Amino acid sequence: MHVWHLVEPDERQRLSGIRAFLQERVRPESIDYWNREEFPRHLLPEMAAYGLGALQLDGSSELFKGLVYVEAARADASLSALVGIHNELIIGMILELGSVEQQEKWLPGLTQFTALGAFALTEPDHGSDIAGGLSTTATREGDEWVINGAKRWIGAATVADFSLVWARDTDDDAIKAFIVESTRPGFNATKISNKVGLRIMQNADISLDDVRVPEANRLPGANNFAAANELLKHSRAWVGWQAAGVQLGIFDVARDYALARRQFGRPIAAFQLVQLPLAEILGNAMASLSLMSDLARIQESGDLEMVQAAMAKSTTTRLARESAAKGRALLGGNGVSSDYEMAKLFGDAEILYTYEGTYEINSLIVGRAVTGVSAFVG
């Protein structure tokens with residue numbers, strides 16, 4: 001659909017180099033790390049050299065940034081999650097809501113991947129209802145804040161230098177945000193194991209037991225949940241790009257397998273029941289890319305609304321899930337082994353369908369917008 005032709009020539013050339021690096025360096029290594037549920041930290045300097053840690057600050061167009069997320073997810077969904085969260089939520093939050101001092105302290109290291117952050121919002125008992133149910137507390141004591149509570153499913157928390165913790169002020173009941181360094185007494189991050197997908201991403205349970213941080217660690221621009229919601233709006237749009245990239249990865253693996261695998265004396269690509277799902281997988285990917293390129297245009301104009309991000313996220317992840325099932329079936333028995341990559345993509349697509357707002361919640365956001373009636377409980 002010539003989406004790549006829509007970016008400027010210099011961005012297209014840069015994108016070509018990023019794609020080659022991700023396909024030749026990252027994609028082959030990711031399978032073993034996915035199997036072992038380990039994080040390939042040694043790749044971070046190389047990723048930084050290609051500018052993947054500074055997409056939020058380098059003046060790139062929204063379309064270029066989105067296509068970088070596509071290429072990252074095409075190679076590995078977990079590392080694309082790291083790149084997206086790092087840029088959209090960590091750097092984005094410090095840039096938009098942090099103080100000048102916080103920006104000067106953290107942004108140089110973050111852009112080079114010598115520092116990592118985690119976005120700590122979701123809790124064990126509050127996921128979809130986090131806006132009203134957030135129960136982690138922050139109590140002001142002189143020039144310090146005492147934070148208590150728990151967070152769950154926090155990406156990269158076990159390898160991050162700090163977490164951006166959202167907590168409810170016990171004085172005014174407002175939701176605020178704090179930079180909590182991982183070395184603070186009372187802070188503990190425990191890896192969540194045995195996931196079916198995004199196994200490279202080190203999701204964690206976080207416990208906060210009387211964790212003390214100075215007032216200087218409070219982000220001055222984060223004084224209510226609306227600040228978090230603004231970040232989540234763009235984060236949901238980013239997952240749409242992720243889903244498009246995963247679909248291209250599914251197509252790559254399925255097509256290559258169909259051409260190489262022989263049955264009944266012929267490549268299985270010669271059979272109608274193989275060509276049909278290949279065409280459907282590619283069609284889903286192109287529909288997703290076209291939708292996301294339109295979303296980038298809206299983002300570039302500053303007019304993005306939550307309903308648009310929610311529709312993009314729910315639609316592209318639904319198509320990714322559908323394509324993953326078709327790709328898995330196309331590989332037959334080999335489709336259940338991560339050695340052939342498709343099982344890895346199959347599991348990763350399932351996670352995209354649920355995280356950054358479940359498919360159902362994002363669909364209800366769209367439903368509320370088109371009917372004027374909220375179907376949310378409460």
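For the numbers below, each heavy atom of this structure counts, side chains included, while hydrogens, waters and symmetry mates do not. Since the model is a prediction, treat every value here as computed from it, not as a measurement.
To the nearest 0.5 Å, atoms CG (Leu134) and CD1 (Ile130) are separated by 4.0 Å. Of the inter-residue distances, the one linking Ser314 atom OG with Arg236 atom CZ reads 10.0 Å to the nearest 0.5 angstrom. To the nearest 0.5 Å, atoms CH2 (Trp238) and CD (Glu62) are separated by 14.5 Å. In this structure, CG on Asn224 lies 12.5 Å from CG on Asp169, to the nearest 0.5 angstrom.
Centroid-to-centroid, the aromatic rings of His86 and Phe119 stay 6.0 Å apart or farther. Taking the six-membered ring for Trp and the full ring otherwise, the centers of Trp106 and Phe162 sit less than 6.0 Å from each other.
The residues Glu181 and Arg184 are annotated as salt-bridged, a charged nitrogen and a carboxylate oxygen being separated by less than 4.0 angstrom. By the 4.0 Å N-to-carboxylate-O rule, Lys233 lies too far from Glu305 to be salt-bridged with it. Look at Arg25 and Glu46 and you find a salt bridge, because one of the NZ, NE, NH1 or NH2 atoms lies within 4.0 Å of a carboxylate O, short of that distance. We find that Arg152 and Glu123 are not joined by a salt bridge, their nearest charged nitrogen and carboxylate oxygen being 4.0 Å or further apart. By the 4.0 Å N-to-carboxylate-O rule, Asp348 lies too far from Lys195 to be salt-bridged with it. Under the 4.0 Å criterion applied to side-chain N and carboxylate O atoms, Arg27 and Glu341 are assigned as salt-bridge partners.
With a 6.0 Å cutoff to the six-membered ring centre and a 45° limit on the axis angle, Arg321 counts as a cation-pi contact of Tyr353.
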So His234 and Gln299, side-chain contact (heavy atoms from CB on, under 4.5 Å) or not? Walk me through it. CA-CA 9 Å; His234 291 281; Gln299 281 183 292; 3.1 Å; yes

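Using a 4.5 Å heavy-atom threshold, the side chains of Ile200 and Ser30 count as touching.
Counting non-hydrogen atoms of neighbouring residues, nucleotides and ligands closer than 6.0 angstrom, the OH atom of Tyr355 exceeds 12 such neighbours.
The closest side-chain donor-acceptor pair between Gln23 and Asp252, if any, does not fall under 3.5 angstrom.
Linking ILVMFWY side-chain heavy atoms closer than 4.5 Å, directly or via other members, places Val159 and Leu44 in a single hydrophobic cluster.
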